[in-house]
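Chain identifiers are assigned alphabetically (A, B, ...) following the order of the sequence lines, protein sequences preceding nucleic acid strands; residue numbering begins at 1 within each chain.
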Amino acid sequence: MSKEIPAQYDASKVEDKWYAYWMENNYFHSEPDDRESFTVVIPPPNVTGVLHMGHMLNNTIQDVLVRRARMQGYNACWVPGTDHASIATEAKVVRKLRSKGITKKDLTREEFLEHAWEWTHEHGGIILEQLKKLGASCDWDRTAFTMDEDYSESVIDVFIDLHEKGKIYRGERMINWDPAAQTTLSDEEVIHKEVDSKLYHIRYKIVGEDEYVTIATTRPETILGDTAVCVNPGDERYTHLHGKKVIVPLVNREIPVIQDDYVDMEFGTGCLKITPAHDVNDYEIGQKHNLETIDVLNADGTMSEAAQLYIGEDRFDVRKKIANDLEEVGHLIEVENYKNKVGFSERTDVPIEPRLSLQWWVDMDQLSKPALDNVMDDTVEFHPAKFKNSYRHWMENIRDWNISRQLWWGHRIPVYYYGEGHDDYVVAKSLEEALPKAQDKSGNQDLKASDLRQDEDVLDTWFSSWLWPISVFDPDYIRTGKANQELQYYYPTKDLVTAPEIMFLWVARMIVSGYEYMDDKPFDNVYYTGIVRDKKGRKMSKSLGNSPDPLELIKKYGADGIRMGMLFATPAGNDLPFDEKLCEQGRNFCNKIWNAFRFLTMNMEDGEKYDPTLEINNEDISDRWMAARIQQTIQEVNKDFDNYKLNDALKKVYSLIWDDFCDWYIELAKPEVYGEKIPVDKLNTALGFFEQLMKLLHPFMPFISEEIYQHIQDRSTNEALLISEWPKADESKLNEDDLKLFGTLQQMVSSLRNIRSEVNVSPKEELDVLISTKEQSTADALLENQLVLKKLESIQSLSIATEIDKPKVYSSSIVDGNELFVPLDGLVDFEKERERIQKEIDRLEGFLTGIEKKLANKGFINNAPENVVELEKKKKADTEDSLAKLREQLKDFEK
RNA sequence: GCGUCCCUAGCUCAGUUGGUUAGAGCGUUGCAUUGACAUUGCAGAGGUCACUGGUUCGAAUCCAGUGGGACGCACCA
């Protein structure tokens, strides 16, 4: 042996070694040059986040794409980074402070931000370190963060620019209020869930009468904010109520009965209470009918002063209480169980409250147009394409984007107020810039800096990450309008790999900003990954505690093993039902590869050098076949990559290595005599093949492939597999005849093994084998390559000819129309053999009947394409031929 | 409620414009193994392609309906 090859593959050792080597040699780093760029920007994980299975899957896929592109000769650049994740991070900081007995209210904005930065520095970037364990070949020199100083500036620049263009405005609207985080949320951050709730039927007394009217509501606490009761004008049951007033129970406030078509006569009692402050529709009806708005809730979800009752108590406690209280005074008529959908905050998971509020908005109507068109015409391609449907639906019904958040962690809105009026503000990058503007706009030159007050709110996290593909390369671009060399070179990026969950939150908006600012798409392709689920089909999540620790998995199975396990089971857009079994399979594959390599090295003489070659021995069918199989696989794998079918590509490489190379090629390479070594030429060819296989495997399993490659190369050069050339498809090496001939030989070997198994003959026992071929040419070819049969099966004598003398007692098989006999005196059970042959005859007869029926059908003959008819005819002839042979054989056993 | 997608072996899924008797991995059964690998090898069993009807010479594949499931969107109190 020329090198010490450890008997056991130690994944963690090998993986750390090569990752360090790649980093030392700066292989992941990219600079613009004259090659074509292949850019991927990472979906930035939350800066204080921890790696979960979703990241593992997502980043493995990106790495596969990037590594292959790098080998193909592109200038591959994968930009890593993190997102400040405004609401998510702030929630974490608040929680941490609370555990220390500090509440956010006790702190000033500056103090709170100090804590937040501290937390960010402490936990920030951990997730990126974890990605290195996975093998991610990111250009770490480019690591970006959405709150980096220059990045933040670009975010503010966009706000200023869109405001100037009139695309950003301030408006009072019904918004989604998160009472836990105490901020607004965009519609996309609200998750609607079906919940079991109750429908309360409550009666209101009609003023001046002893009559009552009954309404139905799921939120009885909001009756305190009722300012009308509404009926459908066409509802004859309630005609008598027109123009009258009713009394809100408990608070005894008189409110009018109004009429509006909006009310569904069929639903509930057909009588609807109107609470303009707490329901989107009620608000609109309130506007239309000039109703008063009474906001009975505080920001934290407790009842406000305006409610008059239950002040300071939580909305859900009050719901129960008020039902009791109403019942006591005889106003609660009925409570029925009811299922309805309630909006929950994506981040805090509490029911949101519709609330009237003054917020900042982006007018999406015009901005979204190019983003819709360019996805529909595949300028930006979605994989799988089915997601185009929901994308279109969302884009066609797009609503304005609420971008202000009542939080502190994030990009503070660059708006400075100088007065109380609706338009008494200016937009500017700093207080210094704001002052002259404010003086101008107000006409008050005495205005001082201290008279200006910056907006307290920050921007939606996605308002910064929608610039990701632009600002990571040139944060000044928004301001200057002139793309630097980097942006020109790397934009548009190639592939975006992300979860469908954030299609609207992030993907759509990047496309919008891309067309608005670059006048070009941000990426050519979007690859949507599936959701990683546990065995019960539940989404893996921290709260459920059903997610394995990725780092533990890597320790146990190796990063290569996990990468393979995940990729094996996940086509684009399909969920990944995760099972550790998959990782085990990946680890076993590493072991298989390692042992195949070990075996080859054991055949080397001491001091001998590895000298892998792509030269093959043209006399050797196994060489020709292996070369052809590799060619075939290169072509298929390239095609799979083009279609983003990474799992199919991996399966083909897996099968090429395990089934073809290990189980057939290496078996055939073994010397005939045990103990002898593989001839050097053959060994070098095998190593040459091995090297090709490692190249094909590298994007999927970068570590073990690099390890093997470096051993095989045995060079002192610095060249790494990761920057070696992706195997080129070469039609001339794809010899179909070789594939077919070897296929026949494989089937013959299988047949012989099958016969042994059926007749219970040990694999060691040497057999006499007789093969009667249909054609002389087949006989010649088999004779020429009889070594294949002899090496893989214990054979004492082998006769191959068109005419052979059938043995008296035998077991047999038909392979491609050729008969194969094994004389087995005393071993053959006549009864069993007859059954076996009869079964085969029955099968073929059934098959033949089908073909004959087809061929007798005039419709088929007339309408089917000629080649299909020809094929049927050939099938018929072949089947008849085989049947004749089988019937002959059957006779032999009836003797 | 509207829209989209899905239903193929015990499980997870392939099956590209309709054309061999529908494939893979895992699992399962039997056999083998003292030197590459039990993290192995060989051989086998296993499917009315959810159901019904239609189009066609021919349907897992196209169409319609039924049943079951997933997701997206929406203001049903």
Taking the six-membered ring of A:F599, is NZ or CZ of A:K670 closer than 6.0 Å to its centre and within 45° of its axis?
yes
With the side chain defined as heavy atoms from C-beta on, A:F267 is closest, among B:G41, B:A77, B:A74, to B:A77
Query raised in the report: Contact class for A:L844 (heavy atom, under 4.0 Å): base, sugar-phosphate, or nothing?
Result: base
- Message: Is the ring pair A:F382/A:Y391 parallel, tilted or perpendicular, if the boundaries are 30 and 60 degrees?
- Response: perpendicular
Worksheet item: Could A:K876 and A:E880 be called an ion pair, given the rule that one side-chain N must be under 4.0 Å from one carboxylate O?
Response: yes
Picking from B:C75, B:U40, B:U21, the nucleotide nearest the side-chain atoms of A:K875 would be B:U21
Here the distance between atom C1' of B:G25 and atom CZ of A:F589, to the nearest Å, is 13 Å
Here the distance between atom P of B:C57 and atom CG of A:N862, to the nearest Å, is 10 Å
Separation of B:G72 atom P from A:I398 atom CD1, nearest Å, is 17 Å
From CZ of A:F568 across to P of B:C13 the rounded distance in Å is 15 Å
Partner of B:G46 under the Watson-Crick or G-U wobble criteria, both distances under 3.5 Å, comes out as none
Using a heavy-atom cut-off of 4.0 Å across all strands, would you classify A:K341 as base, sugar-phosphate, or nothing? base
- Task: For B:G58 and B:C71, measure between their C1' atoms and round to the nearest Å.
- Result: 36 Å
Scanning all shown strands, the Watson-Crick or wobble mate of B:G23 with both distances under 3.5 Å is B:C13
Those residues at least two apart in sequence (or on a different chain) that pass side chain to side chain contact (heavy atoms under 4.5 Å, CB included) with A:I191 are A:K193, A:E346
Discussion item. Applying a 4.0 Å non-hydrogen cut-off, can you work out what A:Y200 is touching in the nucleic acid: base, sugar-phosphate, or nothing?
Written reply: nothing
Re B:G58: Watson-Crick or G-U wobble partner, both distances kept under 3.5 Å, found to be none
Under 4.0 Å, counting only non-hydrogen atoms across every strand here, what does A:N867 touch: a base, just sugar-phosphate, or nothing?
nothing
In Watson-Crick or G-U wobble terms, with both distances under 3.5 Å, the base opposite B:G1 is B:C73
*What nucleic acid atoms does A:R753 come within less than 4.0 Å of, heavy atoms only: base, sugar-phosphate, or nothing?*
sugar-phosphate
Among B:G19, B:U16, B:A74, the one nearest any side-chain atom of A:R399 is B:A74
Closest of B:A77, B:G41, B:G25 to the A:V263 side chain is B:A77
Same-atom distance (C1') from B:C11 to B:U17, integer angstrom:
32 Å
| request: Assess whether one donor atom and one acceptor atom, taken from the side chain of A:Y262 and the base of B:C76, lie less than 3.5 Å apart. | output: no
Here the distance between atom C1' of B:G72 and atom CD of A:E189, to the nearest Å, is 17 Å
B:C75 and B:U20, which share atom name P, separated by this distance in whole Å: 49 Å
**Study point:** B:G67 versus B:C42 - spacing of their C1' atoms, nearest Å
**Key:** 44 Å
Regarding the side chain of A:D663, the nearest nucleotide among B:C73, B:G41, B:U21 is B:G41
Walking RNA chain B from its 5' end, the first of A:V868 and A:R533 to be reached, judged by nearest nucleotide, is A:V868
When both distances are under 3.5 Å in a Watson-Crick or G-U wobble arrangement, the nucleotide paired with B:G18 is none
Pairing partner of B:G65, by Watson-Crick or G-U wobble and under 3.5 Å for both distances, is B:C51
Across the strands shown, which category fits A:P865 at heavy-atom distances under 4.0 angstrom: base, sugar-phosphate, nothing? base
Any A:K592 side-chain nitrogen or oxygen under 4.0 Å from OP1 or OP2 of B:G41: yes
query: Would you call A:K791 and A:E667 a salt bridge, taking side-chain N to carboxylate O under 4.0 Å as the test?
result: no
Check your understanding: Base, sugar-phosphate alone, or nothing: which one does A:S750 contact when heavy atoms must sit under 4.0 Å apart?
Key -> sugar-phosphate
Closest to the side chain of A:H393, out of B:A14, B:C73, B:C76, is B:C73
A:K670 atom NZ is separated from B:U40 atom C1', nearest whole Å, by 11 Å
Reckon A:A596 touches a base, only the sugar-phosphate, or nothing at all at heavy-atom distances under 4.0 Å? base
Any donor-acceptor pair under 3.5 Å linking the side chain of A:D881 with the backbone of A:A877?
no
Query raised in the report: On a whole-Å scale, what distance lies between the C1' atoms belonging to B:G23 and B:C49?
Result: 12 Å
At under 4.0 Å, does any side-chain N or O of A:N340 touch on OP1 or OP2 of B:A77? yes
### Message
Between B:A14 and B:A9, how many Å separate the two C1' atoms, rounded to a whole number?
### Response
13 Å
Winner on side-chain proximity to A:N754, out of B:A14, B:G41, B:A43, is B:A43
To the nearest angstrom, the CD1-C1' distance between A:I666 and B:G41 comes to 14 Å
- Would A:F700 and A:F641 count as a close aromatic pair, with their ring centres under 6.0 Å? yes
Contacts of A:F597 and A:N574 projected onto RNA chain B by closest heavy atom; the upstream (5') one is A:N574
Exercise. Hey, does A:I322 have a side-chain heavy atom less than 4.5 Å from the side chain of A:I223?
Worked result: yes
Any strand, both distances under 3.5 Å, Watson-Crick or G-U wobble: B:U40 pairs with B:A32
Would you please confirm or rule out a distance under 4.0 Å between OP1 or OP2 of B:G15 and any side-chain N or O of A:K645? yes
Next on the checklist: Under 3.5 Å, is there any donor-acceptor pair linking the side chain of A:E667 to the base of B:A36?
Outcome noted: yes
What contact category does A:C662 fall into here, base, sugar-phosphate, or nothing, at under 4.0 angstrom with non-hydrogen atoms? base
Any base atoms under 4.0 Å from A:W658, or only sugar-phosphate, or nothing? Heavy atoms, all strands. sugar-phosphate
Looking for any heavy atom pair under 4.0 Å, which part of the strands does A:N863 touch: base, sugar-phosphate only, or nothing?
base
A:R219 near the nucleic acid: base, sugar-phosphate alone, or nothing, with a heavy-atom cut-off under 4.0 Å?
nothing
A:S757 has its side chain closest, among B:A43, B:C57, B:G19, to B:A43
_Less than 4.5 Å apart, side chain to side chain, heavy atoms only: is that true for A:K652 and A:K645?_
no
Regarding the side chain of A:S390, the nearest nucleotide among B:C37, B:A77, B:G72 is B:G72
Rounded to whole Å, CZ of A:F860 lies from P of B:G19 at a distance of 12 Å
*Is there a donor-acceptor pair closer than 3.5 Å between any side-chain N or O of A:S757 and the backbone N or O of A:R753?*
no
Which of B:C73, B:U40, B:G44 is nearest the side chain of A:N588? It is B:U40
